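To find a chain, count down the sequence lines: A is the first, B the second, and so on, and within it residues start at 1. Predicted, not measured: the structure shown is a model, and the values here were computed from it.
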Protein chains: 2
Amino acid sequence: MAGNNIKVLDCTIRDGGLMNNHKFDLKFVRAVYKALSEANIDYMEIGYKNSRKLFSASEFGSWKFCADEDILKVIKGVRSKTKIAVMVDVDRVEPAEVKPKKESPVSMIRVATYIKDIEKAVLLCNQMADKGYETAVNIMAVSKAPAEELSKILSLLDNKSKADVIFISDSNGSLYHETLAALFKKAKKYIISKETGIHAHNNLQLAFSNTIEAIQQGASYLDCSIYGLGRAAGNCPTELLLGFLKNPKYDIRPVLDVIAKEFIPLRKKLEWGYIIPYAIAGILDEHPKAAMALRDSAQKDNFREFYESLTTTKKKKV
Amino acid sequence: MAGNNIKVLDCTIRDGGLMNNHKFDLKFVRAVYKALSEANIDYMEIGYKNSRKLFSASEFGSWKFCADEDILKVIKGVRSKTKIAVMVDVDRVEPAEVKPKKESPVSMIRVATYIKDIEKAVLLCNQMADKGYETAVNIMAVSKAPAEELSKILSLLDNKSKADVIFISDSNGSLYHETLAALFKKAKKYIISKETGIHAHNNLQLAFSNTIEAIQQGASYLDCSIYGLGRAAGNCPTELLLGFLKNPKYDIRPVLDVIAKEFIPLRKKLEWGYIIPYAIAGILDEHPKAAMALRDSAQKDNFREFYESLTTTKKKKV
């Protein structure tokens with residue numbers, strides 16, 4: 001179905017960590033790593049590499065920091081071709097604290113950035129590339145990017161960054177196919193020397209279909225997460241993507257196994273997926289944080305009031 | 001976003017009834033009817049009109065039979081422009097038992113048929129049209145239809161049936177965009193004198209995106225169900241479709257309300273939606289009945305074994 005240049009990047013632990021302050025225990029993270037390794041997934045993104053100076057270790061779990069020694073505990077003794085990726089945010093990582101690639105179990109570092117921070121992102125990306133890592137830049141919240149600015153940024157990334165891959169990230173989960181296709185057509189126009197990737201959110205149940213659309217537009221790096229685990233509505237489900245790709249390189253069965261053993265029980269304790277306030281945020285192209293706050297409150301099922309509060313605010317802004 | 005000729009057909013009670021032997025109580029069905037009426041949805045499909053000679057009234061609820069007097073209890077006293085639709089299956093309805101349109105609260109009768117029964121379906125459809133009803137034919141399991149046969153059937157439906165609309169039904173929830181688009185291109189080639197419609201299932205989380213794709217290919221009748229309630233993985237969620245259409249004719253808020261008040265509690269008692277065995281059935285283009293049986297058994301989370309049982313059977317067949 002898809003070409004040999006496709007790379008599957010599972011971000012279950014990284015994006016899912018946004019729902020539990022990155023407090024997955026070692027047993028769970030190892031179960032995911034084993035499943036992805038047996039499934040022969042190309043990359044596993046395990047968390048954020050934030051500076052411990054900025055975030056409290058009592059408030060956040062290990063995968064907010066991704067210390068090499070914690071990663072080593074996950075991968076120890078597992079036969080695997082799956083590469084480890086971590087995400088870094090502009091201004092939240094101390095570059096000097098990141099060891100050179102040859103001393104680290106990490107293969108890829110992805111720089112997540114909003115458009116306003118793009119210059120800093122390029123600098124950070126290049127520092128990481130100079131340490132020997134594969135690198136990527138994830139442009140967040142593309143649905144909010146003014147068209148002209150986006151063209152400049154894509155051109156800048158192609159010319160000035162050392163990133164191997166530029167990811168388009170539908171942070172609000174608000175993109176329909178047509179808009180996504182238009183974005184990728186633009187990306188392919190400006191991103192000449194690098195690969196492109198897609199990171200979709202599932203607010204509108206479109207994460208999987210938008211990922212397919214991105215493949216058809218030439219994206220080769222595909223983000224996904226097991227059983228869709230990720231922030232709010234979650235991401236493109238890994239199991240559906242493998243079912244679509246039909247590439248004999250990948251084996252869906254270990255993913256099905258780990259869903260039954262780890263994710264079905266987890267879903268009883270942790271909420272993510274198709275939940276109406278996240279759908280409303282997607283319909284209105286809003287960041288999911290208001291919807292997440294609603295779900296943490298006693299009014300969690302006040303869907304109509306939530307919709308009206310957002311649409312009234314919107315009207316007021318105009 | 002979409003043209004004025006779009007008609008939204010909510011099949012929550014009809015397709016959802018396949019999960020509980022059509023035993024929705026009057027309060028629930030009235031709540032759905034009120035919500036759809038306030039939302040200004042064009043059609044509400046309320047169940048199957050089966051002959052009471054064929055099915056036991058002790059085993060099945062009212063919406064397996066859709067007696068006019070039961071429908072009248074639902075709609076009584078509600079201000080509404082929403083038309084009532086019912087579905088009939090070939091060989092399961094006694095045409096003589098169906099009153100003329102002018103004596104009935106039903107506006108539209110949809111004939112559901114597999115390809116092998118198409119001649120009978122045309123006859124039944126025309127009998128219903130002669131009684132004064134709007135009529136439609138739903139071609140089920142199109143993913144399994146041989147290409148040449150489908151062309152003939154579409155041509156037959158266009159020439160010989162009195163149906164107003166021909167629906168393409170992705171019964172197995174296995175169609176990806178490209179295949180769906182190709183099917184609609186073919187349908188538009190042969191169906192000249194009638195409208196076309198889409199009935200999608202959500203096994204692969206593609207029911208909504210396939211409905212959008214169908215709109216882009218010219219479909220004007222769109223099936224959906226509130227909170228996706230329908231057989232197995234369910235259908236295209238009504239709330240997402242209204243969010244996409246952005247037609248001021250429709251009001252999403254009553255739908256959000258009824259989800260909070262009726263569907264969130266119902267979901268704790270009745271299972272439907274994105275559930276791994278239904279996804280597996282979609283990936284393998286299998287009817288969901290084996291997956292539904294699995295979910296009713298003690299092995300309901302044995303995903304890997306279920307996948308292997310289906311793929312082994314498939315290999316044996318070759």
**OP:** Enter the distance from A/I259:CD1 to B/F303:CZ here, rounded to the nearest 0.5 Å.
**Re:** 7.0 Å
Subject >> Rounded distance (nearest 0.5 Å) linking atom CD1 of B/I276 with atom CG of A/L256 >> reply: 6.5 Å
Original post:
Out of curiosity, A/H177 NE2 to B/Q216 CD, how far, rounded to the nearest 0.5 Å?
Top reply: 7.5 Å
Subject >> Under 4.5 Å from a heavy atom of chain B, the part of A/N202 involved >> reply: side chain
Original post:
Below 6.0 angstrom between ring centroids: does that apply to B/F244 and A/Y176?
Top reply: yes
Original post:
Given that the side chain runs from C-beta out, which part of A/L242 has a heavy atom under 4.5 Å from chain B: side chain, backbone, both or neither?
Top reply: neither
**OP:** Mind checking the CD-CZ spacing from A/E305 to B/R253? Nearest 0.5 Å is all I need.
**Re:** 11.0 Å
Subject >> Contact origin within B/Y274 toward chain A - heavy atom pairs under 4.5 Å >> reply: both
Subject >> Closest non-hydrogen atom pair, B/N203 against A/L240 >> reply: O-CD2, 4.3 Å
Subject >> Where A/I283 and B/E239 come nearest, the two heavy atoms and their spacing >> reply: CD1-O, 3.9 Å
**OP:** Step through the shown structure and confirm whether more than 12 heavy atoms of other residues, nucleotides or ligands are within 6.0 Å of NZ on B/K289.
**Re:** no
Subject >> Residues, nucleotides or ligands: over 12 heavy atoms within 6.0 Å of A/K261 NZ >> reply: no
Original post:
Say you draw a straight line from CG of B/L204 to CG of A/L241; how long is it, rounded to the nearest 0.5 Å?
Top reply: 12.0 Å
Subject >> Heavy-atom side-chain proximity of A/S209 to B/F208 below 4.5 angstrom >> reply: no
Subject >> CD on A/E178 to CD on B/E213, rounded to 0.5 Å >> reply: 9.5 Å
